[in-house]
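Note that the structure is predicted; figures quoted are calculated from it, not measured.
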Amino acid sequence: MAATTLRLIRNGVSQEFSLQSGKTLRLATQANDKFQLLNENGVLIIDSRTQVVGKDLWVFGDGSQPLFVLEQYQAWQPITDSLSLMQMDASFALGSSQPSAASYM
């Protein structure tokens, strides 16, 4: 995966990370974080190979080592609906830490 970038959007502020094969980036997550995985042309990557390990989300490129790990990802009510992610212009996104009462009905 050449020249891949991860953009973290937290509280309206963007931070970009250049991803390199063989060097796993680890990021602590917070409620309402949004992540954009961008290819070398700046186009949003929506479908990537992932694995949940404990509460962390491992995201892979072409190799067997993850490109990045989103720590405690599962603790923040991840948004997994593809249409919702596309509308948010996000590869990955988090909600709040408290599930709503409606999710139990």
Side-chain angles (χ1 to χ4, degrees):
M1 201 176 263
T4 305
T5 301
L6 178 66
R7 179 180 296 146
L8 163 62
I9 303 164
R10 179 178 288 160
N11 299 322
V13 178
S14 296
Q15 186 175 4
E16 292 191 2
F17 303 90
S18 294
L19 302 174
Q20 298 176 12
S21 190
K23 294 184 178 180
T24 302
L25 173 69
R26 299 185 73 84
L27 288 174
T29 58
Q30 294 181 9
N32 302 311
D33 280 352
K34 183 168 101 172
F35 302 91
Q36 296 174 328
L37 185 58
L38 306 169
N39 70 13
E40 60 274 3
N41 297 317
V43 176
L44 185 70
I45 299 170
I46 295 176
D47 188 26
S48 52
R49 188 167 55 99
T50 61
Q51 179 180 352
V52 175
V53 178
K55 289 191 176 192
D56 298 345
L57 182 70
W58 292 18
V59 181
F60 296 87
D62 298 331
S64 60
Q65 182 176 345
L67 279 176
F68 62 95
V69 174
L70 300 178
E71 297 175 342
Q72 296 297 307
Y73 181 80
Q74 293 294 322
W76 300 110
Q77 208 174 19
I79 297 166
T80 57
D81 178 66
S82 298
L83 182 57
S84 295
L85 289 169
M86 286 178 19
Q87 290 172 338
M88 296 173 72
D89 194 28
S91 303
F92 309 97
L94 299 171
S96 67
S97 61
Q98 301 297 320
S100 67
S103 66
Y104 292 111
M105 295 179 178

Here the pair of heavy atoms bringing Gly22 nearest to Gln65 is O-NE2, 3.4 Å

Would you sort out whether Trp76 and Asp33 count as a side chain to side chain contact (heavy atoms under 4.5 Å, CB included), showing the intermediate values?
CA-CA 9 Å; Trp76 300 110; Asp33 280 352; over 6 Å; no

Please report the closest heavy-atom contact between Phe68 and Leu37, naming both atoms and the distance.
CE2-CD1, 3.8 Å

For Leu27 and Phe17, the nearest pair of non-hydrogen atoms, with its separation, is CD2-CZ, 3.7 Å

Show the numbers, then the answer: is there a side chain to side chain contact (heavy atoms under 4.5 Å, CB included) between Leu44 and Asp89?
CA-CA 8 Å; Leu44 185 70; Asp89 194 28; 3.5 Å; yes

Roughly how far, to the nearest 0.5 Å, is CE of Met88 from NZ of Lys34?
6.0 Å

Donor-acceptor pair, distance only, cut-off 3.5 Å: does the side chain of Ser96 make one with the backbone of Ala31?
no

Please report the interatomic distance CG(Leu67) to CD(Gln20), rounded to the nearest 0.5 Å.
10.0 Å

Ignoring hydrogens, what is the shortest heavy-atom contact between Trp58 and Pro66? Give both atom names and the distance.
CE3-CG, 3.7 Å

Short side-chain to backbone donor-acceptor contact, Asn39 and Asn41, under 3.5 Å
yes

Measure the spacing between CZ of Phe35 and OH of Tyr73 and express it to the nearest 0.5 Å.
8.0 Å

Measuring from Gln36:CD to Ile9:CD1, what's the distance to the nearest 0.5 Å?
4.0 Å

Start with the C-alpha gap between Asp56 and Arg26, add the side-chain angles, then the distance that decides, and say whether side chain to side chain contact (heavy atoms under 4.5 Å, CB included) holds.
CA-CA 10 Å; Asp56 298 345; Arg26 299 185 73 84; 3.6 Å; yes

Co-membership, hydrophobic cluster, residues Leu8 and Leu19, 4.5 Å side-chain:
yes

Tell me whether Ile45 is reachable from Leu25 by hopping between hydrophobic residues (I, L, V, M, F, W, Y) whose side-chain heavy atoms are closer than 4.5 Å.
yes

Looking at CG of Leu38 and CG of Leu6, how far apart are the two atoms once the value is rounded to the nearest 0.5 Å?
8.0 Å

Arg7 to Ser14 - nearest heavy-atom pair and separation
CD-OG, 4.1 Å

Dump the intermediate steps for side chain to side chain contact (heavy atoms under 4.5 Å, CB included) on Leu70 and Leu94, then the final yes or no.
CA-CA 11 Å; Leu70 300 178; Leu94 299 171; over 6 Å; no

Which atom pair, heavy atoms only, marks the closest approach of Gln74 to Gly54?
CG-O, 4.3 Å

Hey, is CG on Asn11 packed in by over 12 heavy atoms from elsewhere, all under 6.0 Å?
no

In Val59, Val53, Leu57, Thr24, the residue satisfying side-chain contact (heavy atoms from CB on, under 4.5 Å) with Val69 is Thr24

Determine yes or no for a side-chain-to-main-chain donor-acceptor pair under 3.5 angstrom, with Thr29 supplying the side chain and Glu71 the backbone.
yes

